[in-house]
Amino acid sequence: MHGIMYGTETSSEELSRLSSLSELGRRALECKVEADLSDEAEALVRKVVESNPDDYTLWNYRREWLLSLKGEAHDRLVKVWNDELRLTEKALLRHPKAYATWQHRVWLLAEAKDMEIDLATRTGLFEKELALCSKMLKMDARNFHAWAHWERVSKIAGKHEPARVVEYTEQQINADFSNYSAWHYRSVNLAEGIPIQDKTALDQLLDEEVDRLRQAFYTDPDSQSAWFYYRWLLNGAPYYSEGKTSALFNIKDEFLKNELKACQELIDLEPFSKWALLTKVYLLRRLGREAEAEDTIVKLTEIDPMRLGYYRNLASTSTRAV
Amino acid sequence: MSTEGDHEEESKAVGPLTAALHREHIKQLYEKKESFEMYMLEHRKISGVYWALASLQIMDCLDDLPKEEIVEWVFKTYDKDSGGFGANEQLDPQLLSTLSAVQILAIYNELDRLDIEKVVEYIKSMQNEDGSFSGDQWGEVDTRFSYGALLCLKIMNRLEDVDVDKAIDYVLRCRNFDGGFGCIPGAESHAGQIFCCVGALALTKSLDRIDVDLLGWWLSERQLPCGGFNGRPDKKEDVCYSWWVLSSMAMLGKIDWIDREKLTEFILQCQSPDGGIADRPGDIPDVFHTFFGLGALSLMDFPDLKRIDPKYALVTEVVELIEM
Ligand SMILES: [Zn+2]
């Protein structure tokens, strides 16, 4: 069981709680079998899924119930939809990784249009999704369900807002440099999310990104997240757009030389920083300084023997041969 | 493991593989009326049965559980109308539950009892216009389902019944610049999703379409000083990632890029004194982590365990029958 230590599970109270919940679930399933869409059945199902949000069949059953309301007054539907959001939120606060519950919300948003819920309300529903993502990410900044949910609901609502994502990731990264999720979503949205008028603005953006990375490296040189982002940046910050890959920055040798110098400064302070050394290898090779790269790889095999096999391969893929 | 360097006084106290206890844990789970783990598995029981049987088969003791009873139970989760299987009796059909059902029948060499046309029809009905797959009739999309669908069809030898090219195009759209894959296009790389996407590519012989060195490197960086793997950068170790990361690396041919000895030690430390393997040392074990721990040990040629095929998550002798 994920993160559950001995002791918690064995209590007889917990077992009897689970047992009565399971019994309730069985009763709710019987209602489903009988296609009972009454208020009593709905209330029973609500009770079960709130405590047991993995019960996907009962969420499906709720959807059948929701669909049966089609054609009812707009106000009623809006109220029901909002109630449903509260129910799922309660469930998610207790079980932040329940796939079926996250999916129920995706469905609610997707179905709202078909249920003839008006556009203004739907926009409000979409904002509630983002508010939930933000709330869930406050509890666990790495909850990949919450991050992916943002993507999913944006697609449904037709709201591609890269600038908003970039701004949000900036807050997240500044709060914790080791938040790889935030770095990732920043990389996906950066090209479209920052208004770039000219080459100067682009240069300035690159400088800012590098400054933030430098802070991250000095805060914790062993945290991988920033180093992966840095590698992406050094590759010109590639991104997908209209089916092809483009690079945001045109990385020049002059820039790489500067970065190598900065990397070396970190190594002088932290001679065993594996990530700084690994990045040094990459930079040296980009600059065609293969012999120095090979020396650095030897050092890496000494400080990081777990990945000896990888370093051997790295040494064998000399750029000089290419 | 290697026999060289017999410095026992220096190495950490790592016990042997307590296979007998793991067998007992699985048997108890199957037979006991009430347990915490049983309730946890209520809505994914069919996968629980698959993890249990796959674990037993790796330890070469499949007969510990009653075959006929289990096969009959599997068909109680079958939905004749759609051709899909549910996670438990009376539960709605799902693609991943259908995969578990088909895997169980493959383990028992009882695929003949399936209405293959009908199951194929179900899986076909889950493919979307963009090549992705939904997890059920309600439309959740995720690369886990791409793998589930393709593996299920592959086991039934019916891959050609869906649009494989489009399926692979979708998987490739979920690739990131770190070399990994996420659940939908643009989503963060995650070892579980990587396993699914690499599996989908391996099953369709499409691994040449990705940068295996880049992905292999990212995966090798999942190993932490404790020997265990995390699933994403700057996260904690967990036994289930031993399987997802290592099997992906095995498919990419990069298994020697990590420290197998230390990973083995970590998995053995996660064994519970009562049997079963937990996510981390000291936590409660469950059949999910038991299977993933044993699966990873098997990939590393641990003695007395049967070899597992990483893309099928089934022992090689079962795969040989499928591929015949
Ligand atoms: Zn786990």
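Of the residues considered (B:Gln223, B:Glu37, B:Glu221, B:Gln90), B:Glu221 shows the highest number of contacts with chain A, using heavy-atom pairs under 4.5 Å. No other option in B:Arg44, B:His190, B:Met38 has as many heavy-atom pairs under 4.5 Å with chain A as B:His190. In terms of heavy-atom pairs under 4.5 angstrom with chain B, the leader among A:His184, A:Arg152, A:Arg26 is A:His184. Ranking A:Arg231, A:Lys32, A:Arg63, A:Glu111 against chain B, the residue ahead of the rest is A:Arg63, based on heavy-atom pairs under 4.5 Å. The greatest number of non-hydrogen atom pairs below 4.5 Å with chain A, out of B:Leu91, B:Asp259, B:Asp234, B:Ile184, is found for B:Asp234. Most heavy-atom pairs under 4.5 Å with chain B: of the set A:Asp222, A:Thr245, A:Asn52, A:Leu314, this distinction falls to A:Asn52. Between chain A and the options B:Asp92, B:Asp213, B:Leu263, B:Asp286, the largest number of non-hydrogen pairs under 4.5 Å is found for B:Asp92. The candidate from B:Lys235, B:His289, B:Gln94, B:Arg173 with the greatest count of non-hydrogen atom pairs under 4.5 Å with chain A is B:Gln94. Interface remark: of the candidates B:Val141, B:Val287, B:Ile255, B:Val141 forms the most heavy-atom pairs closer than 4.5 Å to chain A.
Between A:Tyr56 and B:Ala87, the closest heavy-atom pair is OH-N, 3.0 Å. Of all heavy-atom pairs spanning B:Glu34 and A:Leu15, the tightest one is OE2-O, 4.0 Å. The nearest pair of heavy atoms linking B:Phe177 to A:Pro238 is CE1-O, 3.2 Å. Across all their heavy atoms, A:Ser22 and B:Tyr39 have their closest contact at CB-CE2, 3.7 Å. For B:Arg232 against A:Ser181, the heavy-atom pair with the smallest separation is NH1-OG, 3.4 Å. When all heavy atoms of A:Tyr185 and B:Glu188 are compared, the closest pair comes out as OH-N, 3.4 Å.
A:Asp54 contributes atom CG, which lies 8.5 Å from atom CE of B:Met40 (distance to the nearest 0.5 angstrom). The structure places CD of B:Glu261 at 11.0 Å from CE of A:Met306, a figure rounded to the nearest 0.5 Å. Taking CG of B:Asp136 as the start and CD of A:Gln103 as the end, the distance is 7.5 Å to the nearest 0.5 Å. In this structure, CD on B:Gln193 lies 6.0 Å from CZ on A:Phe144, to the nearest 0.5 angstrom. The NE2 atom of A:His145 sits 8.5 Å away from atom SG of B:Cys183, with the distance rounded to the nearest 0.5 Å.
When only modelled atom types and interatomic distance are considered, A:Gln224 and B:Arg222 share a side-chain donor-acceptor pair under 3.5 Å.
Using a 4.5 Å cut-off between heavy atoms, A:Glu64 contacts chain B through both its backbone and its side chain. Proximity to chain B involves both the backbone and the side chain of A:Tyr240, based on heavy atoms less than 4.5 angstrom apart. Contacts of A:Asn189 with chain B are absent, with no heavy-atom separation under 4.5 Å from either backbone or side chain. Proximity to chain A (any heavy atom under 4.5 Å) is shown, for B:Leu214, by neither the backbone nor the side chain. For B:Asp256, the part lying near chain A is the backbone, with the side chain staying farther off; criterion is any non-hydrogen pair under 4.5 Å. The parts of B:Ala187 that come within reach of chain A are both its backbone and its side chain, each placing non-hydrogen atoms under 4.5 angstrom from that chain. In this structure, chain B has a heavy atom under 4.5 Å from the side chain of A:Val188, while its backbone stays farther away. Proximity to chain B (any heavy atom under 4.5 Å) is shown, for A:Leu18, by both the backbone and the side chain.
Among the candidates A:Trp183, A:Trp232, A:Tyr180, the single residue satisfying the side-chain hydrogen bond (donor to acceptor under 3.5 Å, both in side chains) test with B:Asp178 is A:Tyr180.
The backbone N or O of B:Ser220 sits less than 3.5 Å from a side-chain atom of A:Arg307, completing a donor-acceptor pair.
Using a 30° and 60° split on the angle between ring planes, B:Trp217 and A:Tyr310 fall in the parallel class, below 30°. Taking the six-membered ring for Trp and thresholds of 30 and 60 degrees, A:Phe228 and B:Trp218 have ring planes inclined between 30 and 60 degrees apart.
Counting heavy atoms from C-beta outward, A:Leu58 and B:His43 have side chains that stay 4.5 Å or more apart.
Environment of NZ in B:Lys166: crowded, with over 12 heavy atoms of neighbouring residues, nucleotides or ligands closer than 6.0 Å.
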